[in-house]
Student: 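Before we start, here is the structure in question, set down as structure tokens.
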Amino acid sequence: MPELPEVETVRAGLERHVAGRVIASAEVLHPRAIRRHVPGVEDFTGRLCGVKIEAARRRGKYLWLDLADGEAMLAHLGMSGQLLVQPEDTPAEKHLRARFRFADGGPELRFVDQRTFGGLALAELVEVDGTAVPNTIAHIARDPMDPLFDAALAVRLLRAKRTEVKRALLDQTLVSGVGNIYADEALWRSRLHWARPTERLTAKQAQAVLSAAAEVMAEALVAGGTSFDALYVNVNGQSGYFDRSLDAYGRVGEPCRRCGTPIRRDPFMNRSSFSCPRCQPKPRTRTR
DNA sequence: CTTCAAACCTGTGGGC
DNA sequence: TGCCCACAGGTTTGAA
């Protein structure tokens with residue numbers, strides 16, 4: 001599933017292949033794909049017709065296209081979303097949800113999404129902390145790859161939480177871009193158990209786990225960013241990074257790369273958490 | 001105000 | 001062979 005490094009790869013592809021072009025027509029093939037665009041399908045397609053795309057931007061797992069009329073087309077890939085740049089005569093994908101044709105007659109932009117957790121919407125741009133962002137994601141924090149990311153602030157916010165450390169890492173208002181995979185990897189690198197109460201984190205531990213999250217995402221971006229030159233801008237969660245570089249996520253029963261102890265899998269928020277029983281010992285039962 | 005959990009989706013794969 | 005169900009998980013929404 002696309003997380004920050006994959007979304008950044010898509011953003012770079014959009015910047016290269018779509019920025020500077022004028023949308024000739026927009027078509028929505030599945031209304032759920034634009035459910036967050038409250039005014040509806042006709043408003044969405046109508047307002048995009050004839051508009052020039054200025055740039056492709058990203059914050060956390062959200063990305064958006066700056067439009068010449070001053071608004072933005074916001075996209076979230078959800079679990080299974082893809083933004084593809086395809087020649088117009090390419091057959092429609094099975095889960096094609098929306099398509100955008102361009103005035104230059106070149107390759108079109110397609111939104112494909114099997115599970116429809118993702119979606120597109122038009123949004124007004126607002127200034128938050130000196131940066132223009134779509135109003136509907138004004139609450140999303142800067143991600144660790146943002147040049148203006150405030151690490152000291154994130155450490156303070158993390159320690160001010162009253163919850164488990166992994167829940168806090170997944171809180172997009174504290175730091176954005178961290179999903180289940182990178183949360184587990186960051187916790188493994190910093191030798192913290194996912195259920196460690198945030199109020200018991202030392203400043204050093206909080207700083208370490210946030211740094212680890214930034215590092216693992218930066219490494220994933222390098223590993224997954226090899227297809228920037230391809231016209232076919234694809235995100236399918238199958239980047240080489242996942243096959244060879246994960247230390248915890250999905251490795252249940254396999255030996256910890258540090259100590260050899262089999263990795264465990266715990267139920268966590270209707271999904272899974274992977275960790276090393278020895279390197280990441282369970283915290284003492286908390287007393288509320 | 002903060003924290004928590006259900007709901008939203010559909011394809012895959014294991015078990016029987 | 002084929003059916004059923006668990007599982008994958010980011011975000012929103014409403015409850016506590």
Side-chain angles (χ1 to χ4, degrees), chain A residues 1-8 10-11 28-38 58-64 74-83 93-98 111-121 123 133-141 143-144 156-187 194-201 213 217 220 235-239 242-243 246 248-253 263-275 286-288:
Chain A
M1 69 304 304
E3 294 202 44
L4 185 149
E6 293 75 36
V7 178
E8 172 56 23
V10 173
R11 187 209 62 76
V28 174
L29 294 94
H30 194 309
R32 185 173 155 77
I34 63 150
R35 65 192 180 285
R36 288 194 215 162
H37 186 74
V38 179
R58 181 189 58 75
R59 174 166 289 192
K61 286 171 266 194
Y62 285 93
L63 58 84
W64 67 91
L74 181 65
H76 196 291
L77 301 178
M79 301 292 302
S80 53
Q82 298 171 283
L83 281 167
E93 292 76 8
K94 182 178 180 184
H95 301 292
L96 179 63
R97 307 307 191 193
F111 180 64
V112 177
D113 191 8
Q114 174 199 109
R115 277 182 269 186
T116 66
F117 266 43
L120 309 173
V133 296
N135 57 354
T136 47
I137 64 161
H139 62 291
I140 301 293
D143 60 70
R156 287 200 302 277
L157 291 174
L158 180 60
R159 297 183 72 207
K161 283 279 187 179
R162 289 298 174 263
T163 186
E164 296 164 347
V165 61
K166 183 169 172 180
R167 286 178 178 274
L169 288 175
L170 296 175
D171 183 345
Q172 304 293 301
T173 68
L174 195 158
V175 51
S176 69
V178 181
N180 199 39
I181 295 173
Y182 295 117
D184 277 1
E185 294 302 301
L187 289 166
W194 55 267
R196 170 73 78 90
T198 45
E199 63 262 40
R200 284 200 210 140
L201 287 177
M217 288 193 290
V235 172
N236 54 21
Q238 303 298 311
S239 75
F242 290 102
D243 295 335
L246 294 179
Y249 183 84
R251 298 192 65 240
V252 60
I263 295 292
R264 73 181 153 209
R265 171 186 176 277
D266 298 318
F268 171 81
M269 290 175 74
N270 284 328
R271 54 205 62 163
S272 298
S273 217
F274 299 91
S275 58
R286 39 173 185 169
T287 53
R288 288 180 190 263

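Naming convention: chains lettered A, B, ... in sequence-line order (proteins, then strands); numbering from 1 in each chain. Computed over heavy atoms, backbone and side chain alike; hydrogens, waters and symmetry mates excluded.
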Student: For the pair A:Asp143 and A:Arg58, find out whether any cationic side-chain nitrogen is under 4.0 Å from an anionic carboxylate oxygen.
Tutor: yes
Student: Rounding to a whole Å, what distance do you find between A:Arg167:CZ and B:dA5:C1'?
Tutor: 8 Å
Student: What's A:Gly179 touching, base or sugar-phosphate or nothing? Going by heavy atoms closer than 4.0 Å.
Tutor: sugar-phosphate
Student: May I ask you to say what A:Arg265 touches in the nucleic acid, namely base, sugar-phosphate or nothing, with a heavy-atom cut-off under 4.0 Å?
Tutor: sugar-phosphate
Student: Provide, to the nearest angstrom, the distance between the CZ atom belonging to A:Phe117 and the C1' atom belonging to B:dA7.
Tutor: 8 Å
Student: Which atom names give the shortest non-hydrogen contact between A:Val165 and A:Trp194, and what distance separates them?
Tutor: CG1-O, 3.4 Å
Student: I need the NZ-P distance between A:Lys166 and B:dC4, as an integer number of Å.
Tutor: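 Going from A:Lys166 (NZ) to B:dC4 (P), I get 15 Å.
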Student: Which atom pair, heavy atoms only, marks the closest approach of A:Leu169 to A:Val178?
Tutor: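 Taking every non-hydrogen atom into account, O-CB, 3.5 Å.
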Student: Take the protein atom CZ of A:Phe111 and the nucleotide atom P of B:dC9, then report the distance between them rounded to whole Å.
Tutor: 14 Å
Student: Given atom CZ of A:Phe268 and atom C1' of C:dC7, what is their separation to the nearest angstrom?
Tutor: 16 Å
Student: Whole angstroms only, please: what is the CE-C1' distance between A:Met269 and B:dT3?
Tutor: 10 Å
Student: Find the distance A:Leu169:CG to C:dT11:P and express it as a whole number of Å.
Tutor: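 These atoms are roughly 14 Å apart.
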Student: Report all interatomic pairs (protein N or O, nucleotide N or O of nucleotides 10-12 of chain B) with separations under 3.5 Å.
Tutor:
from, atom 1, to, atom 2, distance (Å)
B:dG11, O4', A:Gln114, OE1, 3.1

Student: Apply side chain to side chain contact (heavy atoms under 4.5 Å, CB included) to A:Thr136 and A:Arg36, showing your working.
Tutor: CA-CA 9 Å; A:Thr136 47; A:Arg36 288 194 215 162; over 6 Å; no
Student: Is the phosphate of C:dG10, meaning OP1 or OP2, less than 4.0 Å from a side-chain N or O of A:Gln172?
Tutor: no
Student: Do you know which two heavy atoms are closest between A:Lys161 and A:Asp171, and how far apart they sit?
Tutor: NZ-OD2, 2.7 Å
Student: Can a side chain N or O of A:Arg271 be found less than 4.0 Å away from OP1 or OP2 on C:dG10?
Tutor: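 Indeed, a polar side-chain atom of A:Arg271 lies that close.
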Student: Can you measure A:Glu164 atom CD to B:dA5 atom C1' for me and round it to whole angstrom units?
Tutor: 13 Å
Student: Under 4.0 Å between a side-chain N or O of A:Lys161 and OP1 or OP2 of B:dT3?
Tutor: yes
Student: Taking the side chain of A:Asn270 as its heavy atoms from C-beta onward, which of C:dG10, B:dA6, C:dA8 lies nearest to it?
Tutor: B:dA6
Student: Can you name the closest pair of heavy atoms from A:Arg59 and A:Val133 and give their distance?
Tutor: CZ-CG1, 3.9 Å
Student: Give a yes or no answer on whether the side chain of A:Asn180 reaches the backbone of A:Ser272 with a donor-acceptor pair at less than 3.5 Å.
Tutor: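 Side chain of A:Asn180 to backbone of A:Ser272: a pair is present.
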Student: For a quick test of reading the model, state the closest non-hydrogen atom pair linking A:Ser176 to A:Pro144 and the distance between them.
Tutor: O-CD, 3.4 Å
Student: Nearest heavy-atom pair of A:Ile263 and A:Ala248: which atoms, and what distance?
Tutor: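 For A:Ile263 and A:Ala248, the tightest heavy-atom pair comes out as CG2-O, 3.9 Å.
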Student: Within the 3.5 Å criterion, strictly below it, is a donor on A:Ser273 or A:Asp184 matched to an acceptor on the partner's side chain?
Tutor: yes
Student: Give me, pair by pair, the N or O atoms of the protein and of nucleotides 12-16 of chain C that are less than 3.5 Å apart, along with how far apart they are.
Tutor:
from, atom 1, to, atom 2, distance (Å)
C:dT12, OP1, A:Tyr62, OH, 3.2

Student: Look at A:Thr163 and B:dC4 and indicate whether a side-chain polar atom (N or O) is within less than 4.0 Å of OP1 or OP2.
Tutor: yes
